[in-house]
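The structure appears right after this line, and notes come after that.
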Amino acid sequence: TRPNKSPGAYCMPLNEPGQCAVFGNFAKTIDDLTTLGHELGHCYHFYRSSRQNRYGWSRWPGNDVAEVFSMALELFVAARLSEVTDREKANLIANYCADHLEQAVIFFGHCLSVDQFQYQIYQHPEGYQMDVADRLWEAIRSEVYPFYDSAEIPGFVQTRWYRQSHIWTSPFYYIDY
C-alpha cells in the first residue's frame, strides 16, 4: 500500500466472457483476507452467471443477488483463517472471526434499517421534509438497535442515512442481505 492510500478492493468484469478480476489496495491486515474473499465471491458469482447467459448485458448479476456469493465467501474465509496460521496466532484469529461475525450480524440490522427507511419514504412520493425523514430514520434505528444510545453524539443517528449512498444510487440494494 502506498502512503495515504486507503485500503479496499473491487471486482471488475473483463471483456472476455466469464472473466473478471479483483483489483485491490491492501494494507497487510487480516481484513485484507476477508475483503479479498468478499470480492472473489463477486468474481465467482459473475463467472457462474456468465456461463449461463450469452448476452453481455445479462452476465453481471443484478443488485437483487449481488451480495449473496460475496458475503458467503467472506464469512467462509473468516471461519477458515485459523487453519492457515500458527498456533500462537490461532486465538487472535478466533477472536477476529467472532468479531467479524458479530459485525456482520450488526450490519444486517443496518441493512434492515436502510430497506425499511426506503420503503417508508417511497410510500410517500410527495416526499418528506428532511427533519421528518431524520426522525423517521431515528425511529427505525431505535427499533432495530434498542440498545444504542442516540444521545451519545447529538444528530449523528438522525443524519446517518445521508451518508448511505445506496439510498441515493441503488434503492433496496441491501434487501438480499
Item to check | Evaluation steps, side chain to side chain donor-acceptor pair (under 3.5 Å), between H166 and Q118 | outcome: CA-CA 10 Å; H166 295 94; Q118 289 179 112; over 6 Å; no
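Taken from CD in Q164 to SG in C111, the straight-line distance is 8.0 Å, to the nearest 0.5 Å. Atoms CD and CD1, from Q120 and I140 in turn, are 5.5 Å apart once rounded to the nearest 0.5 Å. Summarising the geometry, atom CD belonging to Q103 is positioned 11.0 Å from atom CZ belonging to F107; distances are rounded to the nearest 0.5 Å. Summarising the geometry, atom CZ belonging to R80 is positioned 14.0 Å from atom CD1 belonging to I93; distances are rounded to the nearest 0.5 Å.
Look at D131 and R135 and you find a salt bridge, because one of the NZ, NE, NH1 or NH2 atoms lies within 4.0 Å of a carboxylate O, short of that distance.
The heavy-atom pair separating T35 from A9 by the smallest distance is CG2-CB, 3.8 Å. The two residues S113 and V144 come nearest to each other via the heavy atoms OG-CG2, 3.6 Å. Closest non-hydrogen pair, P13 versus F46, comes out as CB-CZ, 3.6 Å. Summarising the geometry of Y162 relative to W168, their closest heavy-atom pair is O-NE1, 3.2 Å, with the distance given to 0.1 Å.
Residues Y145 and I106 form a side-chain contact, since some pair of their non-hydrogen atoms from C-beta on lies under 4.5 Å apart. Within the 4.5 Å cutoff, side-chain heavy atoms of F23 are placed close to those of M12. The closest side-chain heavy-atom distance from I30 to T34 is not below 4.5 Å. Under the 4.5 Å side-chain criterion, counting only non-hydrogen atoms from C-beta, V114 is not in contact with W161.
Partners of Q123 by side-chain contact (heavy atoms from CB on, under 4.5 Å), not counting sequence neighbours, listed by chain and number: Y119. Partners of Y96 by ring-ring contact (aromatic ring centres under 6.0 Å, His included), not counting sequence neighbours, listed by chain and number: H100. Applying the side-chain contact (heavy atoms from CB on, under 4.5 Å) rule to H124 yields the partners E126, Y128; only residues at least two apart in sequence or on another chain are considered. Taking the side-chain hydrogen bond (donor to acceptor under 3.5 Å, both in side chains) definition, one finds that Y10 meets it with nothing, sequence neighbours left out. For F76, there are no ring-ring contact (aromatic ring centres under 6.0 Å, His included) partners at least two apart in sequence or on another chain. Contacts of L40 classified as side-chain contact (heavy atoms from CB on, under 4.5 Å), with partners at least two apart in sequence or in another chain: V22, L36, L73.
Relative orientation of the H110 and W137 rings is perpendicular, given thresholds of 30° and 60° on the angle between their planes.
Between the side chain of D115 and the backbone N or O of L112 there is no donor-acceptor pair closer than 3.5 Å. Between the side chain of D32 and the main chain of K28, a donor-acceptor pair closer than 3.5 Å is present. A donor-acceptor pair under 3.5 Å links the side-chain atoms of E39 to the main chain of C11, judged by distance alone.
In the hydrophobic clustering of this structure, Y44 does not group with L14; members are Ile, Leu, Val, Met, Phe, Trp, Tyr whose side-chain heavy atoms approach within less than 4.5 Å, directly or through other members.
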